[in-house]
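See structure below.
Predicted model, so just to flag it, every value in this text is computed and none were measured. Index from 1, following the sequence. Just follow the structure's listing: the first ligand is 1, and inside any ligand the first atom is 1.
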Amino acid sequence: MKKHLAMCLLFALILSLSGCSPKNERYVASYWDAFDTQLTIMGYAKSKAEFDAASEAAHQEFLRLHKIFDSHTEQPGAGVWAVNHAAGQPLQVEPELIEVLELSRDMAEKTTGKFSPALGAVTEIWSRYRSEGVRLPGMEELMAASVHTDISDIRLDAGGRTVQLLDPLMRLDLGAVAKGYAVERLAKLLSGMMPSFLIDAGGNIRAGEAPADGREAWTVGVTDPAAALLGESSKVLGKFQAVNVSVVSSGGYQRYYEVDGVKYHHIIDPETLMPGDKFLQVTVLARDSGLADCLSTALFLMDYDVGRALIESLPGVDAIWVRNDATVLMTPGAALMAVGGE
Ligand code: AMP
Ligand code: MG
């Protein structure tokens, strides 16, 4: 009888405790002060204070990484800006820069140079002409700059944490990978504080654990690039189920200018020195956001067969190509993630 009473009391205690524990609520925060993009963090937390602590920690990390990877404005510390202005001298840098350069070198090799972290001298020209918005750069000017884009001129000493650009006129441009890498760092940080999260950094999406509201996955929309080129950027090509995965797109509609009615965008083919023209958009689905970011830029410039073979050689990586005629091709893994099938 006593034992029975004790069990009843214990049961009542457990019930009242679970009744007291607050439910997970969904919160959202947006910031617009790093990587030239809007950072949105969505997550399920027990309280607003718990969410604020997690999202603010992620925001601070995003700002710190922005300073390391920014090549456009002068930044203090040992990041890309400092390396680009070291006049060919070796410089001790932040460990994150070494990590991204190692990933970038590996990617340059795997993509036969279509992705290159050493293209800054050329992309700087395009970005200057784009902001002026009037003319195209001349081929002579682009060719002269391309002399300073030899990736073997990046000397990396991971042990001593130094980077040296053997060609003092070389400029690193990590714009195709740094944001994704940063998002992955944020994901690692959030996993320990608020595991059910979704990060959206200007379309570079990283989902954490499933939403803590009973749904099996986050639903992520992939932009319809043909509609985006006509100014309708909210139209989606398709929706995908995402848990512990990144969804990263590269497209010509993201950053471009027009000369004589023709659009010239920001993803430059190192062979032609001109904007790539094979696809409207390529999206990569992979757990690691840094890898997905590199790959989406590279695939945008690679022939479909070569790009598809690369994706199939990488476990856990899928892709969606949108051709210039708006036809869509995807790997079986991407089709499986599509809401409602391919
Ligand atoms: P994303 O939006 O990730 O595809 O990256 C585009 C950005 O990467 C551009 O704005 C440039 O800063 C840089 N970029 C352009 N062309 C290349 C290339 N072939 N390889 C690596 N980075 C590039
Ligand atoms: Mg990229």
Distance from [atom] to nearest protein heavy atom, with residue and atom:
{"atom": "atom 21 (C) of ligand 1", "result": "Ser116 O, 3.1 Å"}
{"atom": "atom 2 (O) of ligand 1", "result": "His266 NE2, 3.4 Å"}
{"atom": "atom 1 (P) of ligand 1", "result": "Thr297 OG1, 3.3 Å"}

Which atom name does Asp293 have for its N/O/S atom nearest to the Mg ion (ligand 2)?
OD1
State whether a side-chain donor-acceptor pair under 3.5 Å links [X] with [Y].
{"X": "Ser296", "Y": "Ser249", "answer": "no"}
{"X": "Glu50", "Y": "Tyr44", "answer": "no"}
{"X": "Tyr31", "Y": "Ser55", "answer": "yes"}
{"X": "Asn204", "Y": "Ser246", "answer": "no"}
{"X": "Gln281", "Y": "Tyr253", "answer": "yes"}

Under 3.5 Å between any N/O of [X] and any N/O of ligand 1: does that happen in this structure?
{"X": "Arg255", "answer": "no"}
{"X": "Ile268", "answer": "yes"}
{"X": "Thr123", "answer": "no"}
{"X": "Asp269", "answer": "no"}

How does Val177 reach ligand 1, if at all, at less than 4.0 Å between non-hydrogen atoms: by side chain, backbone, both, or neither?
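Near ligand 1, Val177 shows nothing, with every heavy atom at 4.0 Å or more.
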Hydrophobic clustering (ILVMFWY, side-chain heavy atoms < 4.5 Å, transitive) - are Val306 and Leu310 grouped together?
yes
Applying the 4.5 Å side-chain criterion to the ILVMFWY set and letting contacts propagate, would Met302 and Tyr304 be lumped into a single cluster?
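Cluster IDs for Met302 and Tyr304 match.
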As a test of understanding, state which of His59, Glu96, Glu94 forms a side-chain hydrogen bond (donor to acceptor under 3.5 Å, both in side chains) with Arg64.
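The single option meeting the side-chain hydrogen bond (donor to acceptor under 3.5 Å, both in side chains) with Arg64 is Glu96.
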Nearest heavy atom to atom 22 (N) of ligand 1, choosing from Pro270, Ser250, Ala298, Ala176, belongs to Ala176
Option of least heavy-atom distance to atom 12 (O) of ligand 1 (set: Thr111, Leu295, Asp173)
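Selected option, by shortest heavy-atom distance: Asp173.
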Anything under 30° is parallel, anything over 60° is perpendicular, the rest tilted; go ahead and classify His66 against Phe35.
perpendicular
So that I can check it, does any N, O or S atom in Ala176 come closer than 2.8 Å to the Mg ion (ligand 2)?
yes
Indicate if the distance from the Mg ion (ligand 2) to the nearest N, O or S atom of Thr297 falls below 2.8 Å.
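Given the 2.8 Å cut-off, Thr297 counts as a ligand of the Mg ion (ligand 2).
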Looking at ligand 1, is there an atom of it that comes within less than 4.0 Å of some heavy atom belonging to Ser296?
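Ser296: no contact with ligand 1 (<4.0 Å).
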In terms of atom number and element, which parts of ligand 1 are under 4.0 angstrom from non-hydrogen atoms of Leu301?
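Close to Leu301: 19 (N).
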Find all atoms of ligand 1 within a distance of less than 4.0 Å from any non-hydrogen atom belonging to Lys114, and give their numbers and elements.
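Counting from 1, the qualifying ligand atoms are 18 (C), 19 (N), 20 (N).
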Tell me, yes or no, whether the heavy-atom count around Glu132 atom CD, taken from other residues, nucleotides or ligands under 6.0 Å, exceeds 12.
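It does: Glu132 CD has more than 12 such atoms within range.
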